[in-house]
**Q** 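Just dropping this structure here.
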Amino acid sequence: MKRRDFLNTVVVGAAATHPLSQGLAQAAPDVPAAALPRANWLWNGIIQAEGQHEPYVFVVRRGGQRLDAYQEYERAQSEEVIRTLKEQGVEIFETHFYKGSGMKAEMPDMEETKRAAEIAHRYGLRVSTYIQWNTMMYETFFAEEPRAKDWIQRDVLGMPILLTYGYQQSFRYRPCFANQEYLDYLKRIVRYAVEEVKTDFIDFDNFGLNPEPDSCHCPACVQGFRKFLQAKYSPEKRRERFGFETVDFINPPQWNRDNPPEQMEIIYDPAIQEWVDYRCQMMADALHQIAAYAKSLNPEVVIEINPHGITGGNRAWEAGLDHARLLKWTETYVTEESDTADYLPDGRLVSKIRSYKLARAFQNVLEPIPTDSLDMAECLAFNHTISWVNNYPLEPYVLPYVAFYRKYRDLYVGTEDVTPVAVLRSYPSITYHNARAQLSAILVEQALIQARIPFALIFDEHVAELSDYQVVVLPDSECLSDAQLSSIRRFVQNGGGLVATEEAGLYDEWRRLRVEPGLRGLVDVQTPASAYEETVASAASQHGPPAHKEVGKGRVVYLPEVQFDGPLPAPEPYFSISNRFWKLPKTWREIVEAVQWASKQDLPISVTGPSYLVMNLVRQKDKRRMFVHLVNYNVKNVESIPSINVRCTLPRGETAKGVQVYSPDLATPAPLNFATRGSTASFTVPQVATYSVVAVSW
Ligand SMILES: [Zn+2]
């Protein structure tokens with residue numbers, strides 16, 4: 001228990017150190033140290049806006065533009081726009097750089113970027129350049145580089161794979177990221193951005209692959225897949241995996257009319273499982289290579305991608321994306337998810353909190369697309385910086401938040417999350433059985449969000465070292481490896497709390513049914529699960545009370561069921577646990593009580609209030625302060641939430657010296673009366689309109 005000395009009980013999530021907290025990266029032993037240097041200037045936070053990100057050649061080729069589109073394009077990168085954004089508080093100016101037409105076709109636009117970057121730098125702004133990761137506009141590209149015909153993604157019939165949006169954009173092929181010649185070409189673009197434009201920040205947009213059957217079957221991928229299997233497994237392991245050793249003839253999966261990929265509910269086939277893994281790894285390796293190249297030219301260049309965040313979709317299966325692999329090579333990531341912060345009449349509380357927590361787990365900053373002041377509040381509470389504020393001119397709701405952040409920036413810089421609870425997002429469980437495993441993850445997260453229990457999201461690699469948490473939750477984490485199960489047992493024996501639900505631990509990491517339940521001894525009452533089924537039976541609901549057990553120095557609660565509050569929709573293609581499901585589960589009290597019992601009733605914070613009041617807890621250890629962030633998700637109906645009682649526990653032996661509330665909704669910060677008992681401070685926040693942050697110093 002490395003940091004048990006901080007609070008009376010352990011509270012600091014190891015995986016949650018913030019990128020803005022300089023020097024804290026080494027305090028996260030669970031996460032392998034990023035091999036790439038990180039941009040130092042980023043620790044001070046982000047306020048980023050764009051002129052516009054489309055080069056003129058693309059605006060014309062796409063069609064439908066206004067007749068004055070060129071004048072608009074010129075204006076978006078003009079000195080006037082850059083100066084105005086600077087005056088509004090923006091610190092990073094983003095502009096177009098490369099869209100995928102080939103360097104020759106885009107050189108006039110790239111020269112314009114260089115000119116605009118010089119202006120922005122003269123005004124003291126950082127410059128971010130948009131680079132399209134995933135488009136090859138063949139009409140100009142092939143003219144420039146005839147070999148590029150072999151660099152594109154091709155389906156099983158050899159047809160080029162296109163983008164999935166835009167409808168009329170069949171001129172946009174997807175390049176193949178297993179093709180080294182294409183990656184070498186991309187490096188030339190990156191070099192121009194770093195050396196000629198002197199960019200501070202590269203934004204790789206459109207980071208993802210198409211769902212099946214649109215996966216690449218080009219020679220580089222077919223051979224790459226076979227080599228991947230050979231490198232990943234010994235001959236003995238391949239025999240265990242496939243029943244044979246020779247993988248020289250294995251192809252990427254194929255589909256037919258009776259078996260469309262989007263209707264597959266559980267992925268059993270080892271070759272399909274491995275193909276999903278291959279696609280994820282190919283994307284991560286390509287990103288690693290390009291990011292390392294950019295950093296070799298200038299280690300202070302920030303690397304950003306746009307893979308979107310946690311939206312409820314099965315991202316590995318559908319898009320070849322495993323955030324846990326990608327975000328090691330990035331410092332910021334974009335999500336364009338439309339999960340605008342809101343509390344809806346049907347009781348759903350929609351947020352991007354999961355995506356923020358994903359960012360924090362890998363020391364990234366999130367760049368979402370804000371739409372109103374509640375989005376801005378959520379961003380300050382969970383991102384601890386302003387981040388992306390859209391384009392020129394900034395909208396009125398943005399300005400007070402930018403001004404507030406710039407005035408009280410020291411409340412946000414260098415904070416780390418205080419997360420006594422960890423929720424596992426198990427890659428194999430969610431990838432191979434999204435409709436069940438992700439539903440449980442979403443519902444458990446939702447219960448903790450709305451009950452104001454601070455938690456971290458953890459990923460498979462983090463299970464190896466759990467000692468920084470009080471409670472670990474396994475929400476229907478079906479597929480756990482032997483090593484993970486051992487680590488979980490050790491954690492409980494040593495005093496940790498475990499909350500396991502439904503089929504947690506009943507399968508191994510290849511989703512083979514365990515003969516002995518993986519958590520046997522910790523959990524006694526699990527219903528037996530199924531092995532291979534030709535047709536997946538609709539899951540029978542498991543009813544039953546929570547089962548409590550003390551094991552070693554720790555506590556375990558098993559919940560047979562995490563129940564959605566309402567009828568579940570019938571299976572549908574690519575079933576997604578989208579924000580249709582983001583409301584308190586029917587069994588939310590059981591979940592909350594289980595976490596509290598497993599923690600020995602010793603969580604470091606409690607905050608009263610309605611279920612649309614959300615809380616986040618962070619600290620600045622060096623400045624001897626904790627921060628309780630409070631956001632009213634129902635501000636459109638309830639202008640102000642009164643009398644919020646807070647009790648929070650400071651580091652052992654410390655006593656609160658002051659409590660101060662700050663808010664963009666208040667004219668000035670206000671001190672609050674507080675009581676202390678030992679290292680616990682209690683106080684009442686008189687009201688929260690949209691957003692307040694309370695600093696408790698010791
Ligand atoms: Zn390919």
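Residues take their numbers from the sequence shown, with the count starting at 1. First listed ligand is number 1; within each ligand, the first listed atom is number 1.
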**Q** Tell me whether Asp476 contacts the main-chain N or O of Glu503 through its side chain, where contact means a donor paired with an acceptor under 3.5 Å.
**A** yes

**Q** Could you tell me which residues satisfy side chain to side chain donor-acceptor pair (under 3.5 Å) with Tyr268, sequence neighbours excluded, listed by chain and number?
**A** none

**Q** Kindly state each residue pair satisfying salt bridge (charged side-chain N to carboxylate O under 4.0 Å, His left out) with at least one member in residues 293-315, sequence neighbours excluded.
**A** Lys295-Glu331

**Q** Among all residues two or more places apart in sequence or in another chain, which pass the side chain to side chain contact (heavy atoms under 4.5 Å, CB included) test with Asn259?
**A** Asn256

**Q** Using a 4.5 Å cut-off on heavy atoms from C-beta on, say whether the side chain of Trp151 contacts that of Glu145.
**A** yes

**Q** Check the orientation of His288 and Trp329. Use parallel for under 30°, tilted for 30 to 60°, and perpendicular for over 60°.
**A** parallel

**Q** Could you please tell me which protein N, O or S atoms lie under 2.8 Å from the Zn ion (ligand 1)?
**A** Cys176 SG, Cys216 SG, Cys218 SG, Cys221 SG

